[in-house]
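First the structure, which I've put down as structure tokens, then a few questions once you've had a look.
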Amino acid sequence: MADFSRPPGTMDVLPEKSGVWQWVEAKAREVFDLYHYREMRTPIFEHTEIFERGVGDTTDIVQKEMYTFTDRGGRSLTLRPEGTAGVVRAFVEGKLYGGTLPGKYYYLGPMFRYEKKQAGRYRQFNQYGIEVIGSDNPRADAEVIELADHFLKELGISHYRLELNSVGCPTCRSDHKKLLLEHLAPIKNELCPDCQSRFEKNPLRILDCKIDGHHPQVLTAPKITDHLCEDCSTHFDAVKGHLNALGVAYVITPTMVRGLDYYTRTAFEFIGTELGAQSTIIGGGRYNGLISMLGGPDLPGVGFAGGLERLLLTVDEAREQELAADRLDAFVIAMGDAAMDFSVKVLQLLRKNGIRADMDYAGRTFRAQLKLADRYHAKVALIIGDDEVEKQSVTLRDTTSKEQQLVSIEELITVLHK
RNA sequence: GUGGACGUGGCGAAGCGGUUAACGCACCGGAUUGUGGCUCCGGCAUACGUGGGUUCGAAUCCCAUCGUUCACCCCA
């Protein structure tokens, strides 16, 4: 039997909900624009290598979550699982490194990852994100973080905290990794199966494992923040200093790891405190090696990405209700065929003049049409029967005060604009 | 990929082995033939996710499957 249901992990945003979506998207564009970020629109699919190289082929995303297919020309393409790699590719391909640096960009749109659905996790989900390419200045890190904070406040969201960390550069990270492995080696066999495999894959993650995180030997493990090289350490201190100056509250979380290979130095997450297991609403950091990895010059970058769906989970009920309402300026009520003919012309007139209006096409009775006007929260009902047609007028009824007046078609727009 | 919970009309929700599967909301109409939001009356719909099995009899029990959901992993 044919399956006409939507694929697992996808969602339909029905009209009742699209109001909030539009509101959040508009806010995002507004704030990004305020900070002088400009939109970058890239394809929804890219050559698979972009993500393999960019995101890192040891990551979960690349190993098991990509929607990869072969097109008719035999190319391997992949639906984008995140936004940064595509933006960087476009930056390089468009030779934007030849222009004014740093370049500041933002994007907004769907991403795809083959994962099992959960609260706040979808296979097709929407991200907004920003990137600053070409600046190594810690002030750029701070701006990116402060922007995210500003954006959340602008949406009236307050139940979140900002976690901050530095994951160092390839040099100090590998030094630390060596220390860490030596420290944990004696207890390797006591760790959970997940952590056993993390030993090779991503030892940093053992530190915040839900099972082994409390193990005494794990608690005393060397922290990355105590083993940063001098440059990384100076950079990290500067970022913290700038955030303090800007009044952005954060907590240092040395156990925080980011899942994508390209991160260097600054890493941060905004975590919703009233969400389920998938609680990161915005995540980001610095990626100094990525641009050259994708064939561009050796330029540094910082940015973040946030999930629309998770953000919407934190938007408060009241605002959501308000944005869901179905509203009309005027509802036209017609009685009889002659009235209908006249009514559609009135409707056209209203709409040409920017008045949001509608009428019934389902053959409802007069009473039912009035009920409809009510349901659509129409400010006025315009009643048209044989009398009105004859006088080329409409009976204008204020739905709140219930006051009525006969208005000629010539005066209608003027009266309604009052 | 792993584990738990759940799948009854458009939505919510009873029923948990026996005959017409409650009820509420929504929707449509009437009381009120050109005046709404309340009230009352009436109407409405191929509802037991799907496929097998047990039984004289299954929405109710068993198995499988699909889907939803929560959590792990991971991440937005």
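Just the heavy atoms: all of them, side chains too, but no hydrogens, waters or symmetry mates, feed the values below. Residue numbers start from 1 in every chain, and the chains themselves are labelled A, B, ... in the order their sequence lines are given, proteins ahead of strands.
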- A/Lys117 side-chain N/O to B/U69 phosphate OP1/OP2 under 4.0 Å: yes

- Task: Determine whether any donor atom in the side chain of A/Gln118 lies under 3.5 Å from an acceptor atom in the base of B/C73, or the reverse, and answer yes or no.
- Result: yes

- Message: Once you apply a heavy-atom cut-off of 4.0 Å, does A/Ile333 come out as touching a base, just sugar-phosphate, or nothing?
- Response: nothing

- Message: Stem list for RNA chain B, please, built from Watson-Crick and G-U wobble pairs under 3.5 Å and keeping only runs of at least 3.
- Response: B:1-7 with B:66-72, B:10-12 with B:23-25, B:27-31 with B:39-43, B:49-53 with B:61-65

- Task: Rounded to whole angstrom, note down the C1' distance from B/U55 over to B/A47.
- Result: 24 Å

- Item | Near-strand residues of residues 30-54 of chain A, defined as heavy-atom separation under 4.0 angstrom from RNA chain B | none

- Tell me: CG of A/Leu207 to P of B/C74, nearest whole Å? 13 Å

- Task: Could you check whether A/Leu308 gets within reach of a base, just the sugar-phosphate, or nothing at all, counting any heavy atom under 4.0 Å?
- Result: nothing

- Item | Given B/A76, B/G37, B/G29, the nucleotide with the shortest approach to the side chain of A/Ala368 | B/G29

- Item | Distance-only side-chain donor-acceptor flag, A/Tyr122 / A/Gln278, under 3.5 Å | no

- Message: Tell me the interatomic distance from A/Tyr262, atom OH, to B/A76, atom C1', rounded to whole angstroms.
- Response: 11 Å

- Task: Could you check which residues of residues 410-418 of chain A get a heavy atom under 4.0 Å from RNA chain B? Sort them by number, please.
- Result: none

- Item | For atom CG of A/Asp60 and atom C1' of B/C73, their distance in whole Å | 7 Å

- Message: Does B/C72 have its OP1 or OP2 closer than 4.0 Å to a side-chain nitrogen or oxygen of A/Arg121?
- Response: no

- Using whole Å, report how far CG of A/Asp194 lies from P of B/G1. 17 Å

- By side-chain hydrogen bond (donor to acceptor under 3.5 Å, both in side chains), which residues pair with A/Thr255, not counting sequence neighbours? none

- Message: Tell me whether the rings of A/Phe304 and A/Tyr128 are parallel (<30°), tilted (30 to 60°) or perpendicular (>60°).
- Response: perpendicular

- Note on the structure: Comparing nearest nucleotides in RNA chain B, the 5'-proximal residue of the pair A/Lys116, A/Ala119 is A/Lys116

- Query: Base, sugar-phosphate, or nothing: which does A/Tyr122 touch, judged by heavy atoms less than 4.0 Å apart?
  - Reply: base

- Message: Say we look at B/C41 and B/G4: how far apart would their P atoms be, to the nearest angstrom?
- Response: 49 Å

- Counting any heavy atom closer than 4.0 Å, what does A/Gly276 reach on the DNA or RNA strands: base, sugar-phosphate only, or nothing? sugar-phosphate

Under 3.5 Å, which N/O atoms of the protein pair with N/O atoms of nucleotides 33-35 of chain B?
unit_1	atom_1	unit_2	atom_2	d
B/G34	O6	A/Glu388	OE1	3.3
B/G34	N1	A/Glu388	OE1	3.2
B/G34	N1	A/Glu388	OE2	3.2
B/G34	N2	A/Glu388	OE2	3.1
B/U35	O2	A/Arg397	NE	3.3
B/U35	O2	A/Arg397	NH1	2.7
B/U35	O2	A/Gln404	OE1	2.9
B/U35	N3	A/Gln404	OE1	2.4
B/U35	N3	A/Gln404	NE2	3.2
B/U35	O4	A/Gln404	NE2	2.9

- Query: Is there a donor in the side chain of A/Asn137 and an acceptor in the side chain of A/Arg139, or the other way round, less than 3.5 Å apart?
  - Reply: no

- Do A/Glu49 and A/Arg53 sit within salt-bridge range, that is, some charged N less than 4.0 Å from a carboxylate O? no

- Task: Between B/C72, B/C27, B/A76, spot the one nearest the side chain of A/Ala305, thanks.
- Result: B/A76

- Residue set satisfying side-chain hydrogen bond (donor to acceptor under 3.5 Å, both in side chains) with A/Asp337, at least two apart, ordered chain then number -> none

- Is a salt bridge present between A/Arg113 and A/Glu82, judged by a nitrogen-to-oxygen distance below 4.0 Å? no

- Test item: side-chain donor near acceptor, A/Gln404 and A/Thr395, under 3.5 Å: no

- Query: B/C74 phosphate, OP1 or OP2: any side-chain N/O from A/Arg258 under 4.0 angstrom?
  - Reply: no

- Query: To the nearest Å, how far apart are A/Glu269 CD and B/C74 P?
  - Reply: 12 Å

- Could you tell me how the ring of A/Phe151 sits relative to the ring of A/Phe32: parallel (under 30°), tilted (30 to 60°) or perpendicular (over 60°)? tilted

- Just call it for A/Glu115: base, sugar-phosphate, or nothing, with non-hydrogen atoms closer than 4.0 Å on any strand. base

- Starting at the 5' end of RNA chain B, which residue's closest nucleotide do you reach first, A/Arg375 or A/Gln127? A/Arg375

- Message: How long is the straight-line distance from NE2 of A/His176 back to CG of A/Asp226, given to the nearest 0.5 Å?
- Response: 8.0 Å

- Item | Candidate nucleotides B/C73, B/C27, B/G29, ranked by approach to the side chain of A/Thr365 - the nearest | B/G29

- Hey, is the side chain of A/Lys402 pairing donor to acceptor with the base of B/G37 inside 3.5 Å? yes

- Quick one: sort the A/Phe268 and A/Phe270 rings into parallel, tilted or perpendicular, breaks at 30° and 60°. perpendicular

- Message: Can you tell me which residue among A/Asp398, A/Thr400, A/Asp329, A/Thr399 is in a side-chain hydrogen bond (donor to acceptor under 3.5 Å, both in side chains) with A/Lys379?
- Response: A/Asp329

